[in-house]
Number of protein chains: 2
Amino acid sequence: MPEERTHKVSCTNYTYELEVGFEILSGKWIPLILAHLADGPHRFGQLRRLMPDVTKKMLTQQLRNLEKYSIVHREVYPQVPPVVEYSLTPIGQKLVPILHHVSDWSHEYLQLRDQLGLN
Amino acid sequence: MPEERTHKVSCTNYTYELEVGFEILSGKWIPLILAHLADGPHRFGQLRRLMPDVTKKMLTQQLRNLEKYSIVHREVYPQVPPVVEYSLTPIGQKLVPILHHVSDWSHEYLQLRDQLGLN
DNA sequence: CAGTATCCTTGTTGATACTG
DNA sequence: CAGTATCAACAAGGATACTG
């Protein structure tokens, strides 16, 4: 149980930080990429096989964004053919519990909708 | 401390639920709207004043989406002029801790970037 | 293997004017 | 007050071909 918040949730810092977080997390494949990297470091080709619907272009683009934000580390082993390994940075690791919470919430949400016979 | 997960995070159900959650949360003004509704029910005009950068069209559109997903309840009081009040549903309430976590994470993230002198 | 480059389609957001 | 309707602008994503 987290400690009670005494300030209104919509104070300026709070909403600014909220938007920062969601901006980093926004992107069609970002949560999926993070979920896979949460299992450990992966090579580019491994990620591609885990996410067959994502084109190389999009996978590269979103990984580069995550790298720019220091969420993901990109390690290049200069070999021929090249080997590139992606992994979560320490601050990236700290996003993982949030992914769990979202997944848990969705689970409950989907169950509720089933119960009510919606959709 | 949440209990240890024994399954790989990227198993099918997990990733599906992850995407459901993030789909509901996606939309430029969604987190902000939810943050304000977390403080209690608000009328349309109140929300507008709290979010002056959001056009009426976008505010309506995103509120209607949240209503469609049963995250938000829309109560119309048939008066002239009309009064419409928006509030979080029970399952919508359960999203609030996730917003807190994202904001907390961002706070830590921004501090770290400051420390490292990045950006 | 791990990308880039280019072009194109689609989805999202915004500006503005109008309404019960 | 709480919206709609219409159109325009822009951003995000995808298909395909090429490369060190």
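Atoms considered below: every heavy atom in the structure, side chains included; atoms not considered: hydrogens, waters and symmetry mates. Below, chain A is the first sequence line, B the second, and so on; all start at residue 1.
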task: Would you kindly check whether a donor in the side chain of A:K28 faces an acceptor in the base of D:dG13, or vice versa, at under 3.5 angstrom?
output: no
message: If I take atom NZ from residue A:K68 and atom CG from residue A:L63, how far apart are they, to the nearest 0.5 angstrom?
response: 13.0 Å
message: Return the OG to CD distance between A:S26 and A:Q62, rounded to the nearest 0.5 Å.
response: 8.5 Å
What nucleotide, of [options], holds the atom closest to the side chain of [X]?
X: B:T55; options: D:dG13, D:dG3, C:dA15; value: C:dA15
X: A:M58; options: D:dG14, C:dA15, C:dA2; value: D:dG14
X: A:T60; options: D:dA15, C:dA15, C:dG3; value: C:dG3
X: A:P82; options: C:dC1, C:dT4, D:dG3; value: C:dC1

task: Would you kindly give the NZ-to-P distance between A:K56 and C:dT6, to the nearest whole Å?
output: 16 Å
statement: Between CD of A:Q79 and C1' of C:dA2 the distance, given in whole Å, is 12 Å
message: So B:Y77, base contact, sugar-phosphate only, or nothing? Heavy-atom distance under 4.0 Å.
response: nothing
- prompt: When we call it a touch if two heavy atoms are under 4.0 Å apart, what does B:R43 touch: a base, just sugar-phosphate, or nothing?
  reply: sugar-phosphate
query: Reading DNA chain D 5' to 3', how would its secondary structure be written in dot-bracket notation, given Watson-Crick and G-U pairs with both distances under 3.5 Å, brackets [ ] for crossing pairs and | for partners on other strands?
result: ||||||||||||||||||||
Counting just side-chain N and O atoms, does [X] come under 4.0 Å of either OP1 or OP2 of [N]?
X: B:Y86; N: D:dC1; answer: no
X: A:R48; N: C:dG3; answer: no
X: B:R74; N: D:dG3; answer: yes
X: B:Q62; N: C:dT13; answer: yes

task: Map B:Q61 and A:L63 onto DNA chain C by nearest heavy atom, then report which one ends up closer to the 5' terminus.
output: A:L63
message: Just by distance, no angles: are the side chains of B:H107 and A:Y14 close enough, under 3.5 Å, to form a donor-acceptor pair?
response: no
field: Remaining members of hydrophobic cluster (4.5 Å side-chain criterion), B:Y77
entry: B:V83
